[in-house]
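Only one structure is covered here, and it is reproduced in the block below.
Remember, it's 1-based here, ligands and their atoms both numbered in the order they're listed.
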Amino acid sequence: MQKAADGSIALEARAKLNLTLEVLGRRPDGYHELRTVFQEIALSDEVRLYPCVSLCLECSVPSLGGESNLALRAARLLQDASGVGAGARIVLVKRIQAAGGLAGGSSDAAATLRGLNALWGLGWDMERLAGIAARLGSDVPFFLLGGTALGSGRGEVLMPLPAAPETWVVLLFPPVPEVEGKTRTLYSFITREHYTAGTATRRLCDGLALGKLDASLLYNAFEGVAPRVFHGIGAAQLALKDAGAAPVHLAGSGPTLFGIVASAGEGEVVVRRLEAAGYRCCLTRTARRA
Ligand code: C5P
């Protein structure tokens with residue numbers, strides 16, 4: 001978090017991947033019980049907060065700038081819950097693909113909560129902010145913690161994990177039609193046969209404790225249903241593999257795909273091949289807790 005001479009605060013709002021995403025079953029409240037390893041990546045949006053009498057939002061992607069924007073909703077919730085009289089002008093510079101499974105909107109919301117906590121001098125601790133974050137969405141609390149973390153419950157019960165070794169990944173944004181209510185739709189296709197016991201997650205955590213990231217343990221329960229929701233994703237998956245990334249997995253609820261590459265140099269080669277084939281993609285890496 002950086003404070004400028006004009007009193008504004010700038011924050012980096014990073015994207016995330018789920019190294020594992022296991023669905024254990026359906027809960028009485030309708031949500032699904034998860035075991036997931038969240039991993040922040042270097043790709044980020046920028047959130048800038050300026051002192052202002054009221055709350056307003058400017059977004060570099062105008063279609064994402066309305067009242068439903070999660071950063072603005074986060075600000076309104078915090079303003080109400082804290083009873084603060086001040087406002088803020090929120091300026092979002094979007095670099096994370098929206099609705100791609102990288103949780104850019106959730107990250108913007110968490111950065112806004114952290115930034116406004118400072119801008120408004122609230123002095124709230126992370127636990128109190130996490131209460132607001134969880135009301136905004138299941139992925140938002142993770143970004144208050146960052147780095148590598150184990151998520152359980154609906155994803156909001158978090159435990160910090162040792163940082164994953166730096167790993168380069170190529171992200172591919174498949175040219176598939178946008179799906180309304182994407183996350184809800186994906187969960188609606190999840191049935192008993194997709195449930196797992198959390199073993200891959202546990203084993204991945206054991207590896208992280210030893211400073212290793214075992215790529216063969218990467219897992220995402222949504223992969224079993226993604227082709228029914230994202231038509232044409234199979235071709236993009238093959239293209240990422242053929243370009244030289246392995247293994248290839250769905251990023252969160254997708255449709256973004258990620259593939260592991262051995263180095264930045266190898267990643268650049270993969271990106272060039274994919275771009276030559278007409279795909280939108282970028283190279284990034286895992287990031288440590290700030
Ligand atoms: O919490 P979030 O707004 O991200 O969730 C969107 C939808 O995804 C929820 O309304 C719910 O239908 C589904 N969901 C679920 N189990 C979870 C998280 C989300 O069933 N652990």
Practice task
Examine the proximity of ligand 1 to Tyr187 and report which part, side chain or backbone, both or neither, has a heavy atom under 4.0 Å away.
Solution key: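 Under 4.0 Å from ligand 1, Tyr187 contributes side-chain atoms alone.
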
Exercise for the section: List for me each residue that meets salt bridge (charged side-chain N to carboxylate O under 4.0 Å, His left out) alongside Glu46, sequence neighbours excluded, and say none if there are none. Expected result: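 Result, salt bridge (charged side-chain N to carboxylate O under 4.0 Å, His left out) vs Glu46: Arg48.
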
Exercise for the section: Output the list of atoms in ligand 1 that are nearer than 4.0 Å to some heavy atom of Leu34, sorted by atom number. Expected result: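 So the atoms of ligand 1 that pass are 21 (N).
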
Handout entry: Value rounded to 0.5 Å, distance of OG1 in Thr199 from OH in Tyr219
Key =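 Rounded to the nearest 0.5 Å, the OG1-OH separation comes out at 10.5 Å.
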
Handout entry: Ring centers of Phe222, Tyr187 separated by less than 6.0 Å
Key =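 Yes.
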
Practice task
Determine, step by step, whether Lys94 and Asp108 satisfy the salt bridge (charged side-chain N to carboxylate O under 4.0 Å, His left out) criterion, reporting the C-alpha distance in whole Å, the side-chain angles of both residues, the deciding distance to 0.1 Å, and the verdict.
Solution key: CA-CA 9 Å; Lys94 293 295 297 179; Asp108 296 345; 2.9 Å; yes

Can you tell me if [X] and [Y] form a side-chain donor-acceptor pair at under 3.5 Å?
X      : Y      : answer
Thr286 : Gln39  : no
Lys182 : Ser253 : yes
Ser138 : Glu156 : no

Give me the nearest non-hydrogen protein atom to [atom] as residue plus atom name, then the distance to 0.1 Å.
atom                    : answer
atom 12 (O) of ligand 1 : Arg184 CG, 3.4 Å
atom 3 (O) of ligand 1  : Gly137 CA, 4.2 Å
atom 1 (O) of ligand 1  : Ser138 OG, 2.6 Å
atom 9 (C) of ligand 1  : Tyr31 CE2, 3.8 Å

Exercise for the section: Would you tell me which option among Arg154, His32, Glu33, Arg27 has the nearest heavy-atom contact to atom 20 (O) of ligand 1? Expected result: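 Selected option, by shortest heavy-atom distance: His32.
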
Problem - 4.0 Å heavy-atom contact, Thr183 with ligand 1 - result: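 The answer is yes: ligand 1 sits under 4.0 Å from a heavy atom of Thr183.
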
Problem - Sub-4.0 Å heavy-atom contact, Gly30 with ligand 1 - result: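 Under 4.0 Å: yes for Gly30.
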
